[in-house]
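Data block below; observations after.
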Amino acid sequence: MIVARSAETHPQSESRRVVDRRIWIVSVLMLLALLAVLARFAQLQLLEHGAYAARAESNRIRLRAIAPNRGLILDRSGRVLAENRPAYRLVMVPERVEDIAATLDEIDDLVGMTDAEREQFQLVRLRHRPFQPVTIKANLSEQQVAALALDRHRLEGLEIEPYLIRHYPYGESLAHVLGYVARLDESDLRRLDADNYRATTHTGKTGIERHYEDRLHGRSGVERVETNAQGRMVRVLERTPPTPGQDLTLTLDLDLQLAAIEALGDHPGAVVALDVETGGVLALVSKPGFDPNRFVSGISHEAYRALIESPYRPLFNRFLAGGYEPGSTVKPFIALAGLSSGQINSEPRVFSSGSFRLPGHSREYRDWREGGHGWGDLQSALEQSVNVYFYELAHNLGIDRISRELALFGFGQPTGIDLPGEYAGVLPGRSWKRRTLNEAWFPGETVITGIGQGFIVITPLQLAHATATLAGRGLAAPPRLLAMESPARFVEHESAHWDAVFEGMRAVVHGSRGT
């Protein structure tokens, strides 16, 4: 009997040990898990408390950029050429609108909406949170504001918001000088300081607006705002106001600018007027122009295509990027080269029979007057613009000396005016032709260069700068639109040489045979 009991209790004892062992393992695991939780808790509270506290604070406190007011642009007399005009725009808070599509249709019925405006609205809405306002229509007219105000009670989630918009009072008259501002795009964001443009929607695209963007824009301000868990603003904690952009006073004379435009009439062309002593630009016209105000709020595809396809090319800046043969306007500079080299002086007379031939060649280079001008000296050659005189002088000088002389007056190189997009022109010569066309230079090409034809190409601005240097007896002041000190250089020539050319130039206007 004793043996039988022992056999029965043995399995129970073994089962008990298994259970106890499992309980012990589970207890150890629970203790380890508790220790891990306590260790993690200690790590978060003691070691990483600062980092998580800062992250929580950043979720609660946000920085909001404030756009600065753009600087004004003035003419030399203080008249405003580019200003910031109060305007109104219609904005929507999407989360407060039940049916966005129906609301847009209602706005279209009231004030009209283009397909481009609808598309822009949808694109911007996708980048914003539902509680953030999104512009539907900018630069509302007074009639549109009135129409929206009358139906304000039916337009839940919409607001009419005041803001400042760039405006150019003289429109087309100064478009190629001032340029215009337009909405920021990807290329703008790559070249600009992103931190300073967080609240900015527009930037200078061309002209003065582009060249002096840094000065005109100013510095953005910032607000520290408290937000809730959904990101809504609760209150403003601290505010650093923005620094407005600088006002720019140009050397431009508005009256002279408008007079130059009127003088061109219906003809396309360019007019440049410079202050000889300072290089200050007094007038700068490219006609036809365009209305820069159309670009500020966004020009339609159809309107832009019409500008691009216009045969008169209103977007093309003729005074800055237009390349033209200078023609007889180079003759005073060729004359100076002849005087300084000793090839001519003011006395010897040259006979013009109406054509010129290179020695050993039969080809004729004709004068503009059939039968020629007869005998004449330098003054009469300039007065009557005698081609034969300058054909022969150019041949005697050679292209190398001609190129060096013209380079002294700025031909073939940018003037350095404070505008973007200046064309350098072409100052031809042996090395230029070999480099560009891989061809040798021919004597006949030198001959026609003497009267401003052939390969030579200049811009109206270059020619005005060269002429101002001539009028200043070698004082070459770089053209500038913003009044500032600019280092000038000098083109050296003997006083008698300047006098000889000046006499010829005066005779062009006042002489009995002046052309």
Side-chain angles (χ1 to χ4, degrees), residues 1-67 91-101 103 120-135 156-159 184-186 188-201 219-242:
M1 293 297 294
I2 296 174
V3 174
R5 285 195 197 95
S6 179
E8 290 175 358
T9 59
H10 179 72
Q12 296 176 356
S13 176
E14 184 65 26
S15 176
R16 177 103 181 168
R17 282 196 298 272
V18 171
V19 171
D20 290 343
R21 189 183 306 115
R22 289 176 178 174
I23 291 173
W24 183 82
I25 291 172
V26 170
S27 298
V28 169
L29 292 175
M30 290 178 63
L31 179 61
L32 291 174
L34 180 60
L35 290 173
V37 170
L38 291 173
R40 179 60 177 162
F41 183 75
Q43 180 187 14
L44 293 176
Q45 289 296 318
L46 301 177
L47 300 179
E48 298 181 3
H49 174 269
Y52 282 97
R55 185 180 298 180
E57 181 70 7
S58 67
N59 289 334
R60 185 181 72 88
I61 306 298
R62 293 189 178 179
L63 299 179
R64 187 171 67 178
I66 310 171
V91 298
M92 174 191 289
V93 179
E95 72 170 9
R96 292 168 52 194
V97 179
E98 291 185 6
D99 189 336
I100 291 178
T103 301
Q120 180 70 17
F121 167 78
Q122 297 293 357
L123 288 173
V124 175
R125 184 169 72 91
L126 293 175
R127 302 193 197 108
H128 287 67
R129 296 186 179 185
F131 59 82
Q132 292 180 315
V134 180
T135 299
E156 191 67 29
L158 300 182
E159 296 289 343
L184 287 159
D185 56 30
E186 293 296 331
D188 295 320
L189 294 174
R190 284 194 294 270
R191 68 181 174 85
L192 297 170
D193 179 1
D195 289 337
N196 195 30
Y197 280 78
R198 290 191 185 278
T200 302
T201 59
R219 300 298 300 178
S220 293
V222 66
E223 285 180 337
R224 293 180 69 248
V225 298
E226 183 179 357
T227 59
N228 60 19
Q230 288 74 40
R232 300 174 187 274
M233 187 185 77
V234 176
R235 56 177 174 150
V236 176
L237 301 176
E238 185 180 348
R239 188 176 192 273
T240 302

Which pair of non-hydrogen atoms, one from [X] and one from [Y], has the smallest distance, and what is that distance?
X	Y	result
R96	E159	NH2-OE2, 4.0 Å
D99	T103	O-OG1, 2.8 Å
P242	A67	CG-O, 3.8 Å
G157	V97	CA-CG2, 4.0 Å

### Message
Taking ring-ring contact (aromatic ring centres under 6.0 Å, His included) as the definition, give me every residue that meets it alongside F121, ordered by chain and number, with sequence neighbours left out.
### Response
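None.
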### Query
Below 4.5 Å, heavy atoms only, C-beta onward: do L192 and T200 meet side chain to side chain?
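SC-SC contact between L192 and T200 ruled out.
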### Query
Do the non-hydrogen side-chain atoms of T240 and R219 ever get within less than 4.5 Å of each other?
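Counting from C-beta outward, T240 and R219 never come under 4.5 Å.
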### Query
Considering residues at least two apart in sequence or located in another chain, which fulfil the salt bridge (Lys or Arg N to Asp or Glu O under 4.0 Å) criterion with R191?
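Partners of R191 under the salt bridge (Lys or Arg N to Asp or Glu O under 4.0 Å) test: D188.
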### Query
Roughly how far, to the nearest 0.5 Å, is CD of E156 from CD of E98?
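One finds 8.5 Å between CD of E98 and CD of E156.
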